[in-house]
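Take a look at the structure set out below.
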Amino acid sequence: MNPRLAFLTGGRVLRQIKADPRTVGLLVVVPCVLMGLLAWMYHGTPIFDLIGAALLGVFPFVVMFVVTSVATLRERTSGTLERLLTTPLGKADFMIGYAIAFGIAAVVQAVVAAAFAVWVCGLSIAGALWVLILVAVLDAVLGMAFGLLASGFARTEFQAVQFMPALVLPQVLLCGLLVPRDQLPDVLRWLSDVLPLSYAVDAMQRVTTSADVAGDLVSDVLVILAWIVASLLLGSLTLRRRTP
Amino acid sequence: MKNGDVAIDVSGLTVRRGGRRVLHGVTVAVPAGQVVGLLGPSGGGKSTLIRAVVGVQVVESGAVTVLGSPAGSPQLRRRVGYVTQSPSVYADLTVRENVRYFGSLVGADQSAAEEAIALVDLGSHAEVRVQNLSGGQRSRASLAAALVGRPELLVLDEPTVGLDPVLRRDLWALFSRLAAEGRSLLVSSHVMDEATRCDRLLLLRNGRILADTTPDGLLAETGAADAESAFLALIEREVAA
Ligand SMILES: Nc1ncnc2c1ncn2[C@@H]1O[C@H](COP(=O)(O)OP(=O)(O)OP(=O)(O)O)[C@@H](O)[C@H]1O
Ligand SMILES: [Mg+2]
């Protein structure tokens with residue numbers, strides 16, 4: 001592993017993101033619009049505080065999943081990945097580079113969305129704002145790792161985009177956003193106890209509902225971290241230096 | 001360099017792609033410090049051989065030794081420059097950003113990037129995004145991204161395709177200059193006229209080496225007037241045999 005090469009790659013990915021102002025705009029504006037929509041829908045009820053926080057955990061995951069799976073697939077089909085793997089850049093450097101770039105993008109997204117939710121939509125957070133942002137960044141890195149993994153199994157952009165409903169939607173359905181997790185049928189509850197997005201959403205909801213959550217929050221974060229490491233390791237198996 | 005003056009040593013290389021054998025026990029040596037042309041008809045296995053040399057091709061059997069090490073070894077990654085057949089640069093970045101990035105991976109600084117851009121005559125387009133370049137400009141940007149690290153061995157898959165005669169001449173002159181500096185080049189092409197620009201020629205057809213010779217040797221052997229008819233003569237001779 002070579003941190004310098006990882007940073008150089010992260011810088012390159014950031015320049016690519018910057019070169020596409022419309023994507024940057026969508027990345028920042030869409031969560032705010034959806035947040036505003038929710039606040040409006042649940043105007044005058046306490047539901048927004050719960051769902052709004054959960055959504056702050058879902059956005060970075062979904063967005064980074066899609067962006068990474070498409071970006072990595074583009075690296076594969078354009079031949080740039082083949083070329084990169086003949087240079088001193090290692091597979092770990094490649095993935096960490098992507099994690100750095102999309103991590104930064106996630107910070108921007110999370111800061112803007114959280115600020116909008118709190119100050120414009122009136123979302124109440126009991127805990128610290130920085131914890132909210134930290135969890136959002138972890139969610140983004142998790143989405144990135146999942147996207148990388150998914151792109152290893154996609155041959156075309158169409159397939160890559162289809163992995164979104166296949167891998168992400170079930171997690172959104174089971175993460176406690178629609179039905180509280182402890183009210184799910186047993187099998188589904190076990191499933192939701194395994195899936196990482198459940199912990200991301202739990203963590204978000206803990207930050208908003210209570211100021212003193214250190215213990216539970218740490219265990220949520222540890223589960224998310226474990227999933228990140230596992231999917232990055234699996235994802236690295238899909239980056240083959242030699243191809244048929 | 002070990003292995004005396006051999007840059008690439010391929011022995012008994014067999015490759016299977018898509019369920020079919022596309023290289024049949026290819027054995028060939030590429031001398032160092034020369035421009036070696038890899039010529040042959042479309043689908044003959046040029047890109048496959050090149051991919052094996054840079055270590056990105058899964059091979060069935062055989063050995064490929066590059067600059068004294070097995071192809072694809074970590075110690076080769078700074079010493080070998082590779083240009084894929086279709087331009088492999090980032091379309092959403094400028095020429096300069098691309099060349100600087102690929103250069104930075106092999107430790108080349110910004111002045112090396114400017115030099116590489118000038119070598120492929122893209123100085124006036126350095127700030128243009130690759131997606132706004134013409135096809136030939138794109139492939140030159142891709143070439144610059146390989147030149148920037150001043151590698152000892154350049155492996156170029158059809159770098160002159162789609163270029164006009166003037167640019168082609170300039171690039172082949174550049175290749176000769178690089179070889180004169182002591183660097184080795186393996187350049188594929190399916191334009192037979194370009195054979196005369198090389199120090200040595202490898203003719204690859206249907207996954208087999210048809211000839212390993214010099215341009216003069218090829219003409220003398222076949223009695224043909226130009227490279228193209230020499231190549232056709234060789235194929236006819238093989239078909240007849
Ligand atoms: N990705 C692939 N999967 C399966 N088979 C492939 C693949 N790429 C090439 N082949 C097959 O391998 C053979 C050799 O292809 P290769 O690309 O090496 O030819 P080439 O000499 O470079 O041709 P060209 O001049 O058209 O670039 C062809 O028969 C082709 O069908
Ligand atoms: Mg080819």
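In what follows, chains carry the letters A, B, and so on, assigned in the order in which the sequence lines appear, proteins first and then strands, with residues in each chain numbered from 1. None of these values were measured; they are calculated from a predicted model.
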*Just give me the residue among A/Leu5, A/Asp20, A/Thr87, A/Leu81 that pairs up with chain B most often, heavy atom to heavy atom, under 4.5 Å.*
A/Thr87
*Contact origin within B/Arg16 toward chain A - heavy atom pairs under 4.5 Å*: neither
*So which of A/Arg74, A/Lys18, A/Glu75 has the largest heavy-atom pair count under 4.5 angstrom toward chain B?*
A/Glu75
*With B/Phe175, which residues qualify under ring-ring contact (aromatic ring centres under 6.0 Å, His included), at least two apart?*
B/Trp172
*Identify which part of B/Ser142 has an atom lying under 4.5 Å from any heavy atom of chain A, answering side chain, backbone, both or neither.*
both
_Please report the interatomic distance OH(B/Tyr90) to CZ(A/Arg12), rounded to the nearest 0.5 Å._
3.0 Å
*If you count heavy-atom pairs under 4.5 Å with chain A, which of B/Arg51, B/Arg78, B/Gln75 comes out on top?*
B/Arg51
*Portion of B/Val89 that has a non-hydrogen atom of chain A nearer than 4.5 angstrom*: both
*Does anything in residues 18-33 of chain B pair up under side-chain hydrogen bond (donor to acceptor under 3.5 Å, both in side chains), and if so which pairs, sequence neighbours excluded?*
B/Arg21-B/Glu60
*Please assess A/Arg83 against B/Val56 for the test side chain to side chain contact (heavy atoms under 4.5 Å, CB included), listing each intermediate value before the final yes or no.*
CA-CA 9 Å; A/Arg83 177 184 214 145; B/Val56 297; over 6 Å; no
*With chain A as the partner chain, list the residues of residues 95-105 of chain B whose heavy atoms fall under 4.5 Å from it, by residue number, and write 'none' if nothing qualifies.*
B/Glu97, B/Tyr101, B/Phe102, B/Ser104, B/Leu105
_Side chain / backbone / both / neither for B/Pro151 at chain A, heavy atoms under 4.5 Å_ = neither
*Do you know which two heavy atoms are closest between A/Leu85 and B/Arg77, and how far apart they sit?*
O-NE, 3.7 Å
*Under 4.5 Å from a heavy atom of chain A, the part of B/Ala145 involved*: both
*Using a heavy-atom distance cut-off of less than 4.5 Å, which residues of residues 233-244 of chain A contact chain B?*
A/Arg241, A/Arg242, A/Thr243, A/Pro244
_Between A/Arg15 and B/Asp92, is there a side-chain heavy-atom distance shorter than 4.5 Å?_
no
